[in-house]
Amino acid sequence: MHLKHALKDALLVGVLALLLFLPMTGIALAENYSFNARLHVPFLLAGMVMLGRFIFSYALHTYHSRQWVKRLIHREDRPRFILRPQRHWILLILFIFGLVLPFTLSNYGLNTAILALIYVLLGLGLNIVVGLAGLLDLGFVAFYAVGAYTFALGGQYFGLGFWGAIPVAAAIAALCGVLLGFPVLRLHGDYLAIVTLGFGEIIRLILTNWIEVTGGPNGVQVPTLQVFGFEFTRIAKAGGVPIHEYLGVAYSTAYRYWFLYLVLFLVVCAMIFVLNRLRSLPIGRAWEALREDEIACRSLGINPVTVKLSAFSMGAMVGGVAGVFFAAQQGFINPTSFTFFESALILAIVVLGGMGSTLGVVLAAIVLTLLPEVLREFSQYRIVLFGGLMVLMMVWRPRGFISLQRRQFEGAA
Amino acid sequence: MTAYILAQQLVNGVVLGAIYGLIAVGYTMVYGIMGMINFAHSEIYMLSAYLSTIVLAVLVYWGIQSPLVLILLTLGVAMSMTALYGWVIERLAYRPLRDAPRLAPLISAIGISLILQSYAVLTQGAKTKGIPTFIEGVTRFGDAVNNVQISNIQVLILIIALCSMVALNFIIQHTAFGQACRATQQDRGMAEILGINTDKVISLVFVIGSAMAAVAGLLVTMNYGSFDFNIGFVMGVKAFTAAVLGGIGSLTGAMLGGIILGVSESLFAGLVNSDYKDVFAFSLLVIFLIFRPSGLLGKPEVEKV
Amino acid sequence: MNPILRVENLSIEFGGIVALNQVNFQIPRNQISALIGPNGAGKTTLFNCVTGFYRPREGKIFLHGARQTSELCGLLNPGWLSRDLGLLQSLQARFFGGSHVLNHLGVARTFQNIRLFQQMSVMENLLVAQHTKLKGNLFSGLFNTQAYVNSERTALEIARYWLDFFELSPYLNKLAAELSYGQQRRLEIARALCTRPQLLCLDEPAAGLNPQETAELSRLLQRLCAQSQLSILLIEHDMRLVMEISQHIIVLDHGEVIAIGTPAQIQQHPQVLAAYLGTEYG
């Protein structure tokens, strides 16, 4: 009886899957308006879906298994693991590990590690806006771009150096956050999302089309990294002293990456500390309260405009700083690095980390950057995986898996 | 001379606007009923361009020659395939999130658009695809130098867009489903109590919206002759702009907004600067959302406390 | 009478439907007043005007605070540059709405459908309410300056006081969503009180409570009014509760005030009986 039911169910789903997959996967469009048929693919895919559905619905025929599955797929609005933050020694070990790590990596590994840290930073920034304040910002990449271009163009036109670029980019990005944020704050939820998306695109289109200043699609050269008069090139390019000559060691391209990694690592650590502290400060609480209920916030005398603007500009600031590091690492930037896809990727990090959870965002950023490196042969399926995970997380664990315990208060004296 | 250029831009704008309107229908209906922006809708449109090209290629391979039969058959098959995608997506990514916090379905939709884009790349490659022009012919008004052209494809686009809008309007205004649909839009809870299967209504709305996107997908592909996996994004934002312009939730508004956006964008591109025409459209969206979020035909909302 | 709130000629309409029409009344100081009336009489609309969520078409609402008298509608509908608000605040009120300003003047409220910060702990809910009172900016907070520590300590003390008052102390680290319905109602009142208001507006505080919880609420509200310098305005459908605790009742029907008086007077009022029971009883 159950078998028959499950078979029927699986057959139905299989036919549906076949219909869905048939044209797209079964027929590959080729040059000159012709096509190649490869009909085995949709049948294979539909067969897999059918089998999966059959196992699923057959396994569900007992009461206990149904209950078990129900519990498993039940949406939980709270993270499963809640860490108590008392374990300072673990943090210390992680910190030292992070400091030592770059000296054990190849150049390639270093590059990946820097990229991972940049995404950690971006994730933390967007987490303020989306996770804490509950404002879905789909144009976050704009601030990233502003940061990167501030460094590149600032260096080109005004001789801005790396150290100068960090605060300047942070300030300009924050200003952009306020400028863009001010008009859109009247909007709620979905409208806010689409307007921020529009802003992100506007910035990218300006970067692409304003060729005289930004170099357009050809991009712009980032100034040579120079720190306290030292350079990381083999021969001095910008009038500084190459660091390997000063120290009397052999030249290695790794020095530049070590330097970038270490600075970035410290910035990320500082950011995590600040964010963690913010959550138990009035402004952090106000962000979360705003996410939970804006009308209640207003009834309590909280000015939603200033609170939202502060979240917007804080997030933008972090994005801007991440942009400086990106520019410094790449040495050359163009608008293709700042598409909507990048915004979606950063959003995926925040979502997978569990919105609002600093720890989760850090882990998710690292995992999502390293995963494609580890699973090289599957790298083309990376985006499908991200998208699927986003849907799955929303359906299943909208607040992520892991989070630090909320601040505990002592009872009445 | 400028008068001719102006008129030409006007013609192009109306055709473009008809297409925006067709896609905007999907946004406006879903927003009207569920109060959410279906971010994946633009990718459904993108997918429909692939689907219709594939169907067309297969039909030509089977030896069908007549353009009219080709178009009608392609339209029919592509619409039903795309509608199926719309239905499945609603089932998998939105229905489980009915009572979830507001952000959840939005993020889920973004996940779906990532999947669909990547699906197109994985199955069909990242290269630009094209279809042959099988409807030729241009009608010219004016002399050899100063003239306004309207191609037969543009005429066809207008006719098909108009027909589908009229049909859709009839469905919404005069059928039982349309009535259920409007009731669900007014008050989902109440509609449910009165025995309307709102889940089914929502599913059908996705199906209709997707089918309309498929119409747009075929028409755009026929007009421009080429497309790639990236066409959805910009088109989606513009179609949404059209929906907002006309007043979200309103079908006539969507079409009106589409035409207004299409015309003003064409004029901007022709008279001011074509590099920034997308910036112009996005700015229009931002300005409208800030100063008149209820659009041209919508009524302002009173905040519920 | 020494009123805390005076409403004059208040009118508001939505899409041609008149929700309030020339409403006039006063709320006495340090007493419990009730606003009653059949469903759709305009009670919640009036509440939303008083607490700044709706801008009335015409009319004035005066709040006679301990220190100053303010006209509330003007704050919500200021010109480009209102003298009371200053340029930035007026611009903001015009563009974004300025309902939060009313709380600064001493009006606090609860909501018919409870609006707690569900995913935050009970204590955090109460601390958010004191957001504007917590001294210090981002940096003093980040570096834990003495001024910040002191103001946070005060905020915690006030929060603990109200937690204790509403018998919620055992749950201070629980998420608001985990509380029972009755506890959530009490927490919402406690949260409103943490803003240190002069006028507390309660929108159906007993809705959804069982008789025992309602009795408890009644006791707490009476104690609250007796203990602190607080005036309470409540909307309520539970007539037993209304007659038991309020000293002053305003009856609203079809957007108009039909009776004002003490519970005893209201119970005898022919128009009120007509409004509640139908004309044949009038």
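Letters A, B, ... are given to chains in the order of the sequence lines, protein chains preceding strands, and every chain is numbered from 1.
F325(A) pairs by the ring-ring contact (aromatic ring centres under 6.0 Å, His included) definition with F162(A), not counting sequence neighbours.
Interface remark: L156(C) contributes side-chain atoms only to the contact with chain A (heavy atom separation under 4.5 Å). Of the two parts of S280(A), only the backbone, made up of N, CA, C and O, holds a non-hydrogen atom closer than 4.5 Å to a non-hydrogen atom of chain C. Using a 4.5 Å cut-off between heavy atoms, L163(C) does not touch chain A at all. Of the atoms belonging to S121(C), heavy atoms from both backbone and side chain fall under 4.5 Å from chain A. Only the side chain of E152(C) comes within contact range of chain A, with heavy atoms under 4.5 Å apart.
Put simply, the residue from I128(A), V178(A), L135(A) that forms a side chain to side chain contact (heavy atoms under 4.5 Å, CB included) with F312(A) is L135(A).
Rounded to the nearest 0.5 Å, atoms CZ (F143(A)) and OG1 (T196(A)) are 8.5 Å apart.
Looking at heavy atoms from C-beta onward, L278(A) lies in side-chain contact with L275(A) at the 4.5 angstrom threshold. Counting heavy atoms from C-beta on, the side chains of V267(A) and L117(A) never come closer than 4.5 Å.
Judged by a 6.0 Å distance limit and a 45° cone about the ring axis, R109(C) is not positioned over the six-membered ring of F47(C).
Counting heavy-atom pairs closer than 4.5 Å to chain A, the top-ranked of the candidates Q130(C), E157(C), E124(C) is E124(C). Considering only heavy-atom pairs separated by less than 4.5 Å from chain C, the leading option among L290(A), I302(A), V274(A) is I302(A).
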